Asker: 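Let me give you the structure first, and then I'll get to my questions.
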Amino acid sequence: MMIMVRLGLGQQCHPEALSWKWKPRVTMESCTLTKQGQRFLTKLATTSSATDNLIRRFVQGSSKSVSLTTLSHLLSPATSHPQLSSLALPLYARISQAPWFSWNPSIVADLAALLHKQGRYDEAESLISEATSKLESRKRDLVLFYGKLVDSHSKRGSERGFDVAYCYLNQLLCTSSSVYIKRRAYEYMVSGLCAMNRPREAEHLVGDLRDNGGLQPSAFELKSIIYGYGRLGLFQDLQRVVDQMEKSGFVIDTVCSSMVLSAFGIHGKHVEMVSWLQRMRNSGVPFSIRTYNSVSNSCPTIMRMMMELHDFPLSIEELIGSLEGGEGMVVRELLVSSVILEEVMVWGSSEAKLDLHGFHLGSSYLIMLLWLEEMQRRLNDSNCGITAEITVVCGSGKHSIVRGESPVKALVKAMMVNMRGPLRIDRKNNGCFVAKGKAVKNWLCELRKP
């Protein structure tokens with residue numbers, strides 16, 4: 001009988017990074033940096049000359065995936081090598097000569113936005129003109145390219161670049177007879193304005209297109225505006241749009257509720273978060289992974305514990321006792337029920353599985369505390385029996401900032417060390433912790449003793 005904990009992902013994420021956002025079909029490679037890419041960038045950072053040769057040798061000796069993920073890392077506004085961002089264009093130029101290269105409008109949009117931010121306007125405009133020429137006869141792809149360009153500029157906070165890309169989209173919206181193109185342009189324009197902290201303009205746009213353009217807003221546009229107001233702390237406007245959604249027949253679902261929670265959390269409005277969690281519970285809106293992420297990201301004490309990974313509470317009771325004021329209230333409200341385990345945990349006679357994919361680091365910690373309590377209950381309940389194998393799944397760090405370096409793995413290892421638990425890293429898979437079931441049951445029994 002074995003207990004297995006498979007670890008990985010759990011990268012730290014800003015509370016604004018919600019997965020509700022509509023994504024275009026043309027997307028860029030993940031900006032996860034491989035260790036090969038990390039070594040290459042380290043060489044570039046320590047070399048004052050011969051960068052062209054380093055770039056050439058790197059692309060020639062790297063796979064398509066490694067080359068593109070390294071480029072996307074340099075193009076990301078959150079790159080850990082901002083001093084090397086000026087080398088993104090020569091790296092792209094070298095990659096474009098590789099035999100496996102295929103032109104990608106998403107990469108071009110990100111590169112154009114970066115060049116614009118650097119004041120290299122002619123080079124940025126050249127890339128945009130090339131993309132427009134290639135996609136002129138494929139309007140659906142063209143609207144997605146302009147949308148990606150709007151998104152890229154908004155992530156960099158580039159007002160001038162955003163306004164230019166916004167005009168491209170507006171022109172398509174006004175001149176196209178395609179409902180698909182109008183709707184995609186509309187979505188990107190509204191979400192872009194909100195990302196640029198201009199939700200009032202977005203709301204006016206929605207009203208104008210509804211009254212004069214025949215485009216009825218969807219839940220997506222209204223959620224974007226809600227979150228835009230929330231990020232700015234304009235909670236009366238947020239509540240007004242929520243009320244409008246309900247009057248229009250839209251459901252305030254888990255996704256929308258988690259966005260509201262995240263907005264409150266950004267501004268440390270824990271009392272308001274408690275009220276909203278209670279509203280969700282009373283309305284039958286289930287808590288989700290997004291809900292846990294939104295709450296945990298709003299708790300600076302928990303996030304500080306996760307950064308330091310030492311001297312942190314090892315039980316729910318101890319955690320609640322260590323949190324003061326609003327933090328304690330909101331975490332208590334979140335953890336009052338373990339219903340979330342029904343979504344992420346499966347219990348069977350041969351295997352019990354906990355899936356941590358999608359949880360951020362802080363919420364992974366909360367779920368692990370819930371899971372330990374539930375395992376104590378089940379393994380000591382004669383009616384439940386002892387399942388043959390237990391698995392906790394969260395990947396192998398493929399999407400961490402540096403591939404293979406999993407914050408969740410470090411968290412669980414620290415928990416096992418501090419709790420003197422029997423789980424150890426599996427020799428066959430370093431993304432797993434394993435232990436015999438009987439040893440875990442005995443360990444959990446010992447934990448219950450005063």
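Below, all heavy atoms of this structure are taken into account, side chains as well, without hydrogens, waters or symmetry copies. Please read all numbers here as calculations on a predicted model, not as lab measurements.
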Asker: Are any of the side-chain nitrogens in Arg94 or Asp52 under 4.0 Å away from the carboxylate oxygens of its partner?
Answerer: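 Answer for the salt bridge query: no.
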Asker: If you take all heavy atoms of Ser85 and Pro82, which pair is closest and at what distance?
Answerer: OG-O, 3.0 Å
Asker: Could you walk me through whether Lys134 and Asp141 pass salt bridge (charged side-chain N to carboxylate O under 4.0 Å, His left out), step by step?
Answerer: CA-CA 10 Å; Lys134 286 179 179 289; Asp141 288 335; over 6 Å; no
Asker: Taking CD in Gln83 as the centre, count heavy atoms belonging to other residues, nucleotides or ligands within less than 6.0 Å. Is the count above 12?
Answerer: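 More than 12 within 6.0 Å, yes.
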Asker: Over all heavy atoms of both residues, which pair between Ser224 and Val190 is shortest? Give the atoms and the distance, please.
Answerer: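 Heavy atoms only, the tightest pair is CB-CG1, 4.2 Å.
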Asker: Will you find, in the side chains of Tyr229 and Glu203, an N or O donor that is under 3.5 Å from an N or O acceptor?
Answerer: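 Per modelled atom types, Tyr229 and Glu203 side chains form a pair under 3.5 Å.
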Asker: Please examine the side chains of Val408 and Phe359, heavy atoms only from C-beta on, and report whether any two atoms are closer than 4.5 Å.
Answerer: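 Not touching, per the 4.5 Å side-chain cut-off.
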Asker: Okay, side chain of Glu125, backbone of Tyr121: is any donor-acceptor separation there less than 3.5 Å?
Answerer: no
Asker: Taking CG in Asp311 as the centre, count heavy atoms belonging to other residues, nucleotides or ligands within less than 6.0 Å. Is the count above 12?
Answerer: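 Open: at most 12 neighbouring heavy atoms sit under 6.0 Å from CG of Asp311.
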Asker: Do the side chains of His360 and Asn297 get nearer than 4.5 Å, heavy atoms only?
Answerer: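 Yes, at least one pair of side-chain atoms sits under 4.5 Å.
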Asker: Can you find a heavy atom in the side chain of Phe312 that is under 4.5 Å from one in the side chain of Ser322?
Answerer: no
Asker: Begin with the C-alpha distance, continue with both residues' side-chain angles, and end with the deciding distance and a verdict on ring pair (Phe, Tyr, Trp, His ring centres under 6.0 Å) for Phe235 and Phe264.
Answerer: CA-CA 8 Å; Phe235 298 119; Phe264 283 137; 4.9 Å; yes
Asker: Anything under 30° is parallel, anything over 60° is perpendicular, the rest tilted; go ahead and classify Trp103 against Phe145.
Answerer: tilted
Asker: Is Arg290 paired with Asp253 through a side-chain N to carboxylate O contact shorter than 4.0 Å?
Answerer: no
Asker: How close do Ser176 and Ser178 get, counting heavy atoms only, and between which atoms?
Answerer: OG-N, 3.0 Å
Asker: Please say whether more than 12 non-hydrogen atoms of neighbouring residues, nucleotides or ligands are located less than 6.0 Å from CD in Glu308.
Answerer: yes
Asker: Donor-acceptor pair, distance only, cut-off 3.5 Å: does the side chain of Arg231 make one with the backbone of Cys194?
Answerer: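 Answer holds: yes.
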Asker: Would you kindly say whether Thr291 and Ser288 are connected by a side-chain donor-acceptor distance under 3.5 Å?
Answerer: yes
Asker: Quick one about Ser218 and Glu221 (side-chain donor to acceptor, distance below 3.5 Å, no hydrogens or angles considered), yes or no?
Answerer: yes
Asker: Under the salt bridge (charged side-chain N to carboxylate O under 4.0 Å, His left out) criterion, do Asp243 and Arg240 qualify, and how do the steps go?
Answerer: CA-CA 5 Å; Asp243 293 340; Arg240 175 174 53 77; over 6 Å; no
Asker: Verify the distance criterion only: is there a donor paired with an acceptor across the side chains of Asn212 and Asp208 at less than 3.5 Å?
Answerer: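 Yes.
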Asker: Which atoms form the tightest heavy-atom contact between Ala263 and Leu238, and what is the distance?
Answerer: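 Nearest pair, atom of Ala263 first, then Leu238: CB-CD1, 4.2 Å.
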Asker: Determine whether the side chains of Thr42 and His81 contain a donor N or O and an acceptor N or O closer than 3.5 Å.
Answerer: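 Distance-only check fails for Thr42 and His81.
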Asker: Around atom CG of Asp122, are there more than 12 heavy atoms of other residues, nucleotides or ligands at under 6.0 Å?
Answerer: no
Asker: For residues Ser154 and Phe162, report the shortest heavy-atom separation together with the two atoms involved.
Answerer: CB-CD1, 4.3 Å
Asker: Looking at Gly233, is its backbone amide N or carbonyl O close enough to the side chain of His267 to form a donor-acceptor pair, meaning the two atoms are under 3.5 Å apart?
Answerer: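 Pair found, side chain donor or acceptor close to backbone of Gly233.
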Asker: Is the Lys NZ or Arg CZ of Arg184 less than 6.0 Å from the centre of Tyr188's six-membered ring, within 45° of the axis?
Answerer: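 No.
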Asker: Crowded around Lys182 NZ? As in, over 12 foreign heavy atoms under 6.0 Å?
Answerer: yes
Asker: Evaluate salt bridge (charged side-chain N to carboxylate O under 4.0 Å, His left out) for Glu327 paired with Arg304, printing each intermediate quantity in order.
Answerer: CA-CA 13 Å; Glu327 281 190 78; Arg304 185 168 57 253; over 6 Å; no
